[in-house]
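Taking it in order: structure first as structure tokens, then the write-up.
Predicted model, so just to flag it, every value in this text is computed and none were measured. In listed order, ligands and their atoms are each counted from 1.
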Amino acid sequence: MAYVNENYLKLPGSYLFAEIARRVAAYKEAHPEADIIRLGIGDVTLPLPQASIKAMQKAVEEMGKKETFRGYGPEQGYDFLIDAIIEHNYTSRGLKVEHDEIFVSDGSKSDTGNIQEIFAEDNVVAITDPVYPVYLDTNVMAGRTGKLKDDGHFDGVVYLASNAENNFSPTIPSEHIDMLYLCCPNNPTGTTLSREALTKWVAYAKEHDTVILFDAAYAAYITEPDVPRSIYEIEGARDVAIEFRSFSKTAGFTGTRCGYTVIPKTVTAKTKDGKRQPLNPLWSRRHSTKYNGTAYIVQRGAEAIYTPEGQKEIKEHIAYYMENARIIREGLTKAGLTVYGGVNAPYIWLKTPNNMKSWDFFDKLLKEVSIVGTPGAGFGPCGEGYFRLTAFGDRNDTERAVERIKTKFSV
Ligand code: PLP
């Protein structure tokens, strides 16, 4: 008799985007003439940089010749990409990261989801709320939580409320936590944690023997000089933090798939008999056992974003999205709405007018101005009363959407 992993049964269905699609389809059927503008997606819309395309075309040619063909590559990633990552993202900012501390992967969703495997099942997990749902769901699957309660929280998880009242910078909890997920810049709020806040978290982690799992998937969108691009800018973080980075939003690799995880050899956790165990060799073992390397062609494409041509292109793309963010942020503010984010991230997080429930605001926006966004409640109980718009859309659509909202909702 095979038994199922009943932890999966604790998870509610993948409700958010399915429900959005259902409501949009129903509206479209009732109003076939509606000119719907979608500002709900968290996916890029600009094509890959030409520098990456050229590098991948060359790599395809190499794969077609016996002399240059490559089969299985190193599981951790090719040297050429690891060297480029270290030089451009760490050495250039005065940060030390060693070659065998980088693990190239097929993206941060897999890495942030899989990392929990190297931790004990009875560790206490903390997540900020609202946040990217993968951290919580993968810990539920692994049995590190109790059941879902009526208030939308899972038993046994420490939720760190992140809202306008605390300026989206959660306070340090009184209960002990073992694994702390931080997402900075944050999806969905588009807000960041200050250097001071991160310094406090690193100090907390050192004092309480906590490992910080720092998701910096949107680091490339940070515009303010004082916001750390990497957790390793904080002194002591090399002892307590693992960092996740992705080429998805940085360079349009959402469909091409490439990311990496940094695990300094100095980050350790305890064994039950009290010994200190570095996490790097555990992840190395896991990665080489369960992952067979990111495609050579893709790694060449990723490497090319670090060339002068690639850097110029990705900066232009990010600037395009961030101009959309500015248009949304300023337009909505002019309309009298309260908005957050959109300065160091491509997400605008708005307070629903009159404390409307986020799904009610979703319906109102869809029915009254044919705009699709994402209800904040879909990212955690503290997202209730908020709404996410993304800056990844087309410029013209973004401008039209803002005009519609201004016309309809101006107070
Ligand atoms: N981390 C955050 C915070 C995200 O918002 C996303 C994607 O939306 C990811 C990770 C996943 O990135 P990737 O495409 O590298 O899997």
Side-chain angles (χ1 to χ4, degrees), residues 14 16-17 20 38-46 48 52 77 81 85 89 102-116 126-139 160 162 168 170 179-193 212-222 227-231 241-262 287 291 294-295 298-299 301-302 305 314 317-318 321 325 341-342 344-349 373-374 376 378-380 383 388-393:
S14 185
L16 180 63
F17 289 100
I20 290 175
R38 291 167 200 271
L39 296 183
I41 49 156
D43 195 357
V44 293
T45 51
L46 294 173
L48 285 165
S52 298
L81 180 56
I85 289 169
N89 291 342
I102 303 251
F103 298 84
V104 175
S105 70
D106 65 349
S108 290
K109 187 177 202 173
S110 322
D111 289 350
T112 55
N114 291 328
I115 196 71
Q116 45 76 28
I127 55 157
T128 57
D129 173 17
V131 81
Y132 183 53
V134 170
Y135 320 143
L136 177 64
D137 288 3
T138 51
N139 277 291
L160 305 171
S162 186
F168 300 94
M179 296 155 64
L180 165 66
Y181 289 85
L182 293 178
C183 182
C184 180
N186 184 269
N187 176 14
T189 63
T191 54
T192 50
L193 296 169
I212 298 177
L213 303 160
F214 190 79
D215 186 350
Y218 297 95
Y221 287 81
I222 297 173
V227 178
R229 269 63 174 168
S230 161
I231 187 76
I242 292 176
E243 178 162 290
F244 305 93
R245 296 271 194 124
S246 170
F247 290 87
S248 285
K249 309 293 161 68
T250 311
F253 274 58
T254 50
T256 309
R257 311 305 305 143
C258 194
Y260 60 95
T261 291
V262 186
H287 202 61
Y291 190 64
T294 304
V298 170
Q299 291 193 57
I305 76 157
I314 66 167
H317 288 191
I318 290 170
Y321 295 135
N344 294 306
Y347 295 119
I348 284 85
W349 188 240
T374 314
F379 298 96
R388 190 190 78 173
L389 294 175
T390 89
F392 284 126

Quiz item: Which distance, rounded to the nearest 0.5 Å, do you find between the CD of Gln116 and the OG1 of Thr138?
Solution: 5.0 Å

Self-check item: By side chain to side chain contact (heavy atoms under 4.5 Å, CB included) - contacts of Thr294 (at least two apart)
Solution: Val104, Cys258, Tyr291, Val298, Gln299

Practice problem: Apply side chain to side chain donor-acceptor pair (under 3.5 Å) to Ser108 and Asp111, showing your working. | Solution: CA-CA 5 Å; Ser108 290; Asp111 289 350; 5.4 Å; no

Self-check item: By side chain to side chain contact (heavy atoms under 4.5 Å, CB included) - contacts of Thr254 (at least two apart)
Solution: Asp43, Val44, Ser248, Lys249

Quiz item: Contact residues of ligand 1 with a heavy-atom cut-off of under 4.0 Å?
Solution: Gly107, Ser108, Lys109, Tyr132, Tyr135, Cys183, Asn187, Asp215, Ala217, Tyr218, Ser246, Ser248, Lys249, Arg257

Self-check item: Separation between CG of Leu46 and CZ of Phe392, rounded to the nearest 0.5 Å
Solution: 10.0 Å

Quiz prompt | Counterpart residues, side chain to side chain contact (heavy atoms under 4.5 Å, CB included), relative to Asn114 (two or more places apart) | solution = Ser110, Glu117, Trp283, Arg286

